[in-house]
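First the structure, in the form of structure tokens, and then the observations on it.
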Number of protein chains: 2
Amino acid sequence: MTSLNDTLTQTEQHRSLLEEALRSLPLPIVPAFGSAGNLHAVEFVASGEKLATASAARVAELFPRTVAANAGEVLRAGQALAKAVTGKRVAVLFSGGPAPGGHNVVVGLKQMLGAGNTLLGVQGGPKGLLNGRMAPITDADIAVIRNTGGFDFLGTDRTKIKTAEQFAQVREVSVKHELDAIVIIGGDDSNTNAAVLAEELFANVHADGRGVQVIGVPKTIDGDLQLGELLPISFGFDTATRVYAELVGNILQDSRSSLKYWHFIKLMGRAASHVTLEVALQTKPAVTLISEEIAQRKQSLAEIIEQIAQTVVARAKKGIHHGVLLVPEGLIEFIPEMKALIEELNDGMAQHEAVLAALEGEEKRAFVTKSLSPEHEKLFASLPEYIQDMLLAERDSHGNLQLSLIPTEQLLIDMTKRRVREIADASGTKIPFATQNHFFGYEGRCGAPTLFDAAYTLNLGLTAGALLLAGKTGYMASVGDIFSGGVPLAIPLAGLLDVERRHGSEAVVIEKALVEIDAPAMQYFVSRREAWAQDDLFASPGPRQLWGPVASQLPISVALNRKSQSLAFQFGTDKA
Amino acid sequence: MTSLNDTLTQTEQHRSLLEEALRSLPLPIVPAFGSAGNLHAVEFVASGEKLATASAARVAELFPRTVAANAGEVLRAGQALAKAVTGKRVAVLFSGGPAPGGHNVVVGLKQMLGAGNTLLGVQGGPKGLLNGRMAPITDADIAVIRNTGGFDFLGTDRTKIKTAEQFAQVREVSVKHELDAIVIIGGDDSNTNAAVLAEELFANVHADGRGVQVIGVPKTIDGDLQLGELLPISFGFDTATRVYAELVGNILQDSRSSLKYWHFIKLMGRAASHVTLEVALQTKPAVTLISEEIAQRKQSLAEIIEQIAQTVVARAKKGIHHGVLLVPEGLIEFIPEMKALIEELNDGMAQHEAVLAALEGEEKRAFVTKSLSPEHEKLFASLPEYIQDMLLAERDSHGNLQLSLIPTEQLLIDMTKRRVREIADASGTKIPFATQNHFFGYEGRCGAPTLFDAAYTLNLGLTAGALLLAGKTGYMASVGDIFSGGVPLAIPLAGLLDVERRHGSEAVVIEKALVEIDAPAMQYFVSRREAWAQDDLFASPGPRQLWGPVASQLPISVALNRKSQSLAFQFGTDKA
């Protein structure tokens, strides 16, 4: 008999009870690819839908070969491929921040490529690609990483591939490792990388004139890479928001149990508020700030604080001295006056760099304050001192402030406290307002994927593999029809590109999808939030389940925006 | 057909998909009480085991009636009670911080009392008891709260009941509401409250000479209320540590995916390190600090920092620039020199109160520094400025520092950074050491209970109810034999009490159970931690499951310390 000590030591290295059980959890496969036991590659055929941005003309100049080949046409899976494709060598890499489900993309890719082709894992993201750090992925590796969270099988990084020197490095690595294809699993920036590489490596990489195919896979917990029916959501968003929603739901219950704290919670998600909106829909807290709405309404910081303070006061009048507020990570830059203040500060600090270097604390603040325009001087003066100091801190190499370092949740707490005290003093009443702050981000990027993310990513991996076997390049893999079986799609990357002018030169980007104020998810939130503010109507979604009656759910915002009448997804022929 | 909007609105007020599904999740019942459909009360009989602390003689003087009645004897469930007991009016309240499973205690209590007795829910904890805020709990309430997390059905607070005036209030409320019994669901302080009230209300509360029975139920996520086989663990510990372990596991995966951060994570748990030890056993991070061991070894802060820095450096030499460190909330007061420093500061600040009130910042620090003994002067000078300021901040009404406000995780980061830089400079190498900090606490106190906590608390509630029906008072309900069916136990509260001198007067307390260095759980941790420090051997336990193959697990530390060879618990006759 094994002792418990030994049993525990056997759980080391990703062998917890859950991880072991997840490895054998069956996942549905979309009908186009056959069945798990009998996979087949497919042809991709024109769907009739074409994509182009306002920059299409310039994109056609910059990406002549992929644009000519793909013509902006969205493809969908057709018949089974007539002839088996073998001998391909494919490199796969993670790029950017991790997101749950990434490992299953690799699993799907390996399964579609089958024994006749070679899959190489690139270690450490784009930087690893530049350095040629890669090794074959075995069936044993696949058995280990199946359905597990994290990108830790290969690691990731954020290197952008855009210089001539880097392109030369990728060519060299491609030749050295005899690569036929590269699959980049990443977000908007990484898929821009993929588009650029697809063009750069379109042909003439190898001695015989062959190029290297490049396929992107849409990853980001932020949810800012989405495209209507063609790409209802990037992978990882469902799991990350479910992790955060459990925590927020737990804290909501704590707030009503302990009866004495307001919790101000900042949620990761970069610029867009998708994560915050989804978590709000799942948990229904008293106050939720949506950056895009604040920008649209051109709200001032004082107006936002007033709105929060009035909710605190209204609840206090009913004897409710607790609550939860959600704030998206990117809020500050969506408040028009804050954005303008920061820009003015950036300019002023660049101008007076030498003088400022010699000043500190009070003197530095005084010097900067008097250099500001009157309205910004007032705004700056209204901020807590530690925020003033942060706004006066060193800029990055582009002269910009690292906004992500600003503790928005603490700023809102301090300013709301001040305002609530003013209201209390003016009315001669006592208004209890004790607070706690939280920031949830890293907690959700590497959790075990939900059933949706696990199945979605497996099928994304199968789709990416099928695109390669069908000879495609310059596409992003996607899976459409997620409520009715699922269909593999290929989105032409060049059709997503915008060309912007940044710091005097051209930059190619995929625009981040922001929360749309008139979309059904936001409209539903707007219809209920007043009721949530007035009384505790919250729900606690709890830990995501991989088995049992509530294991199959989609993000609420995705279901609403896609006008589904249910939260259930369906891949394959079995109802999820 | 209902629209998704309507479906979503129906999930408000604790009606998420998970909460709804959990309400009908069947739970096992210990054999002594029959079956869920056919519950019966029991006699409680002497187990042969007696409890007494070193203060037993003084306790017998202070608690003459309960000591005489209960004689320190642990009771266990015997035969079914011959005659049905009806007409009892029982008040139940939550006391102290919330813990998952509290609602199920109320469910079990209500089920055992049955339709023939009345259960009243006290709103807002001990304060609500003093104010007589209570209302009958209905079967409809029970159906709603079953298996849900939080204490939000009734709310809680931390009022200590110890003055003559408060006792008079409880008597008055007991008479007014015709109470026969009070059940207090709480931790060590709250069960001390229960012991005191049991004695105080032993007899002569009502006109006919009857007293009010008082029963305690052992709650705390901190795990510091435990007593070997008699009380292997308090309820809530399993769920809270599982919530934290998921987050820590996710962050471990993130650290190895992103390949660039050390995450320093502080975990709730007051003085004891049980929570931190359990989370370490579940996740196996690079560094875990256990306060009790640091106290035993009389480690200095500099030694702790050196140990962390050496691990950072050793991993960096292998190219590993990431890791996770766990630190228990209560660390600071277990470092002997920090404890002595704080005591010296407390004394000094009380002595020089008037002078210090006029000083600020640098001047204040300078004044205090020169008043310290030489070794403490050096220690104080080694601390980051913001920690010095916190140590010089206002004391509470007892002249003590609020240690919980000190950001231990940030202190460790800052001091480790300094030390790693010194080592790097001395060796002329670069040692990357980027960090993130976290504090997990509120996230775990109100989560949906694990199957263990859900079943354990239901049976604790049944046991509390059975003790009342059997006419007992002055006991804490417990369930023993958790690996082999479960047996209801009654622990005599007076047998747990110690009498301490605090600030010149006597204080009755239940000593907190700390981590024992030579207990199997700690020894297993010690046997593996060096390996965990050297390489990434972590596991990710993932979200706790309520259905499926991994739903039934006990805390690892409980299983080890109870010398179980399995992590499975068993209540009732079905294998869990």
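None of these values were measured; they are calculated from a predicted model.
Note: B:His438 leads B:Arg15, B:Lys563, B:His438 in heavy-atom pairs under 4.5 Å with chain A. When each of A:Thr11, A:Asn5, A:Thr283 is checked for heavy-atom pairs under 4.5 Å with chain B, A:Asn5 comes out on top. With chain A as the partner, the residue from B:Pro98, B:Gly97, B:Gly102, B:Gly96 showing the most heavy-atom pairs under 4.5 Å is B:Pro98. Interface remark: of the candidates B:Leu567, B:Leu154, B:Leu8, B:Leu252, B:Leu8 forms the most heavy-atom pairs closer than 4.5 Å to chain A. Chosen from B:Thr148, B:Leu281, B:Thr9, the residue pairing most often with chain A at heavy-atom distances under 4.5 Å is B:Thr9. Comparing B:Gly447, B:Pro543, B:Gly150, B:Gly155 by how many heavy-atom pairs each has under 4.5 Å with chain A, the most go to B:Pro543. The candidate from A:Pro100, A:Ser258, A:Gly542, A:Ala21 with the greatest count of non-hydrogen atom pairs under 4.5 Å with chain B is A:Ser258. Here B:Ala539 is the residue among B:Ala539, B:Ser564, B:Gly125 with the most heavy-atom pairs under 4.5 Å with chain A. For the set A:Asp152, A:Asp157, A:Thr156, the count of heavy-atom pairs under 4.5 angstrom toward chain B peaks at A:Asp152.
Heavy atoms closer than 4.5 Å to chain B are found nowhere in A:Phe94, neither backbone nor side chain. With a threshold of 4.5 angstrom between heavy atoms, A:Asp254 approaches chain B through its backbone and through its side chain. Interface remark: A:Tyr261 contributes side-chain atoms only to the contact with chain B (heavy atom separation under 4.5 Å). Both the backbone and the side chain of B:Leu17 come within contact range of chain A, each with at least one heavy atom under 4.5 Å from a heavy atom of that chain. Neither the backbone nor the side chain of B:Arg242 has a heavy atom closer than 4.5 Å to any heavy atom of chain A. Residue contact with chain B, scored on non-hydrogen atoms closer than 4.5 Å, involves the side chain of A:Lys260 exclusively. Contact of A:Val248 with chain B is not made at all, since no heavy-atom distance falls under 4.5 Å. For a residue to count as touching a neighbouring chain, one of its non-hydrogen atoms must lie under 4.5 Å from one of that chain's; by this rule B:Glu20 does not touch chain A. For a residue to count as touching a neighbouring chain, one of its non-hydrogen atoms must lie under 4.5 Å from one of that chain's; by this rule A:Glu246 touches chain B with the side chain only.
Rounding to the nearest 0.5 Å gives a distance of 11.0 Å between CZ of B:Phe439 and CG of A:Asn437. Distance check, rounded to the nearest 0.5 Å: CD of A:Gln13 to CG of B:Leu537 gives 5.0 Å. Atom CG of B:Leu247 and atom SG of A:Cys446 lie 12.5 Å apart (nearest 0.5 Å). Rounded to the nearest 0.5 Å, atoms CZ (B:Arg256) and CZ (A:Phe153) are 11.0 Å apart.
Here the closest non-hydrogen pair linking B:Leu4 and A:Ala559 is CD2-CB, 3.6 Å.
No donor-acceptor pair under 3.5 Å is formed between the side chain of A:Tyr442 and the backbone N or O of B:Ser255. Of the possible polar contacts, one joining the A:Gln545 side chain to the B:Leu546 backbone as a donor-acceptor pair under 3.5 Å is found. Judged purely by atom type and a 3.5 angstrom limit, A:Asn250 uses its side chain to pair as donor or acceptor with the backbone of B:Glu443. Of the possible polar contacts, one joining the B:Ser16 side chain to the A:Ser540 backbone as a donor-acceptor pair under 3.5 Å is found.
Residues of residues 527-535 of chain B having a heavy atom under 4.5 Å from any heavy atom of chain A, listed by number: B:Arg528, B:Trp532.
The six-membered or imidazole ring of A:Phe538 lies near that of B:His14, with a centre-to-centre distance under 6.0 Å.
Shown here are the salt bridge (charged side-chain N to carboxylate O under 4.0 Å, His left out) partners of A:Lys284, two or more places apart in sequence or in another chain: there are none.
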* To do: Run the numbers on A:Arg445 and B:Ser257 for side-chain hydrogen bond (donor to acceptor under 3.5 Å, both in side chains), then give the verdict.
  => CA-CA 10 Å; A:Arg445 308 195 311 175; B:Ser257 301; over 6 Å; no
